[in-house]
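Take a look at the structure below.
Note that the numbering runs from 1 along the sequence shown for the chain. Keep in mind that what you see is a predicted model, and the values were worked out from it rather than measured. Both ligands and their constituent atoms are indexed starting at 1 by order of listing.
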Amino acid sequence: MHVIRRKAWEIPASLTTPEAAFVDRRAFLAGLGAAGAYVAWPGRARADDADPSAGLYPAQRNPAYTLDRDVTPEKYNLNYNNFYEYSTNKRLDASALKTRPWTVKLDGLVEKEQTVDIDALIKTMGLEERLYRHRCVEAWSMAIPWTGFPLKKLIEFAKPLSSASYVRFETFLDKKMAPGQRSFLPWPYVEGLTMAEAINDLAFIATGAYGKPLAKVQGAPIRLATPWKYGFKSAKSIVKISFVDKRPETFWEALGPDEYGFWANVNPAVPHPRWSQAQETFLNDGQMRPTLIFNGYAEQVASLYKGLDKEPLYM
Ligand SMILES: Nc1nc2c(c(=O)[nH]1)N[C@H]1C(S)=C(S)[C@@H](COP(=O)(O)O)O[C@H]1N2
Ligand SMILES: [Mo]
């Protein structure tokens, strides 16, 4: 991940286009200026017309997960992404990603291995919307209306054995579909959670955002959202979820173990070796905001880390 040089950060010119201004103005006029308002960017609806799950969106919002800040305009979210399978540039093109047919394999320490079709999975799990903060380790943040289902529900469906202590998430591996995977990086992208983290209510599987199926750049058709952790935990375009008894080695850990660890909990007091985590640039307005411990979710997750003080919890 590239260091964001503070002076160099700016909203790309494209984000100050009339459409973006229009979207903001409409939200304002509709009295939706308060936290939670968002207006879908019309440009994407067309591209997703063929998605067989499209009719299931928007889903009802779960009122337990709302925000103290405005949702990031969808257009910003779609034009500022980390998805190294496509590019290390944030304005990336993931149109080569084929999201149907798509299956997710549930394997490892489970009663019975299963491979489930994404559309069947979405129907079985049901959908809800949650507003979550999103904090990248690079010290920028957004606020995103995800649609999906609790990871816990998927785990109940997968029926892990009691010997499973970690969940490992794996992204697709296909050099033809993802030019970035022709690089030397340790593909496929892998992430992991402890079982206790994975069954926490906050751990969420997203299949949509902004009231629609996920866009390709967002990691369609299925990704993780763990808002108390740095964004690199939230693996995109998942094809395999494995229940294991050893801590999985993650993509970023394999690349830079001195800079990126397993836990990756957000903590303003623990700097990245190369930059401070005390503040973040909120992409809605480009302004710096103080970063909060566990990204503001301490009440829900702090208890998961009792007695683990010796672990590198915050990288
Ligand atoms: N497969 C995959 N998942 C990934 C990444 C990636 O490069 N590949 N980047 C991560 C990082 S660093 C962040 S901040 C988020 C970005 O999600 P967004 O582009 O939807 O904001 O995805 C995470 N998941
Ligand atoms: Mo990130």
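Closest heavy-atom approach to atom 20 (O) of ligand 1 among the candidates Glu138, Arg135, Gln218, Arg223: Arg223. Here atom 14 (S) of ligand 1 lies nearest to Cys136 when heavy atoms of Cys136, Ala264, Ala209, Ser141 are compared. Among Tyr230, Phe169, Tyr189, the residue whose heavy atom sits closest to atom 4 (C) of ligand 1 is Tyr189.
Thr147 pairs with exactly one of Glu129, Gln60, Arg61 by the side-chain contact (heavy atoms from CB on, under 4.5 Å) rule, that one being Glu129.
The distance from ligand 1 to the heavy atoms of Phe232 drops below 4.0 Å at these ligand atoms: 10 (C), 11 (C), 12 (S). Within the listing of ligand 1, atoms 10 (C), 11 (C), 13 (C), 14 (S), 15 (C), 22 (O), 23 (C) sit less than 4.0 angstrom from a heavy atom of Gly231. Using a 4.0 Å cut-off to heavy atoms of Asn81, the atoms of ligand 1 that qualify are 18 (P), 19 (O), 20 (O). Close approach to Phe83 involves these atoms of ligand 1, each under 4.0 Å from a residue heavy atom: 1 (N), 6 (C), 7 (O), 8 (N).
Of all the heavy atoms of Thr171, the ones lying under 4.0 Å from any atom of ligand 1 belong exclusively to the side chain. Contact annotation for Glu191 and ligand 1: no heavy atom of the residue comes within less than 4.0 Å of the ligand. The part of Glu85 lying near ligand 1 is the side chain, judged by heavy-atom distances below 4.0 Å.
In summary, the aromatic rings of Trp263 and Tyr305 are positioned with their centroids under 6.0 Å apart. Taking the ring centroids of Tyr260 and Phe251, they lie at or beyond the 6.0 Å cut-off. Under the 6.0 Å cut-off for aromatic ring centres, Tyr80 and Trp140 qualify, their centroids lying closer than that.
A side-chain N or O of Thr291 and one of Glu280 form a donor-acceptor pair less than 3.5 Å apart.
Inclusion of Trp140 in the set of residues having an N or O under 3.5 Å from an N or O of ligand 1 is not warranted. For ligand 1, the polar-atom distance check finds no N/O of Asn77 at less than 3.5 Å from any of the ligand's N/O atoms. Residue Trp252 has no nitrogen or oxygen atom sitting less than 3.5 Å from a nitrogen or oxygen atom of ligand 1, judged on distance alone. At under 3.5 Å, a nitrogen or oxygen of Ser234, whether backbone or side chain, sits near a nitrogen or oxygen of ligand 1.
Here the side chain of Thr194 pairs no donor or acceptor atom with the backbone of Tyr166 at under 3.5 angstrom.
At a threshold of 4.0 Å, the pair Glu85-Lys236 does not count as salt-bridged, since none of the basic side-chain nitrogens sits closer than that to a carboxylate oxygen. Between Glu191 and Lys233 there is a salt bridge, since at least one side-chain N of the basic residue sits less than 4.0 Å from a carboxylate O of the acidic one. The existence of a salt bridge linking Glu170 and Lys105 is excluded, since no basic side-chain nitrogen approaches an acidic carboxylate oxygen closer than 4.0 Å.
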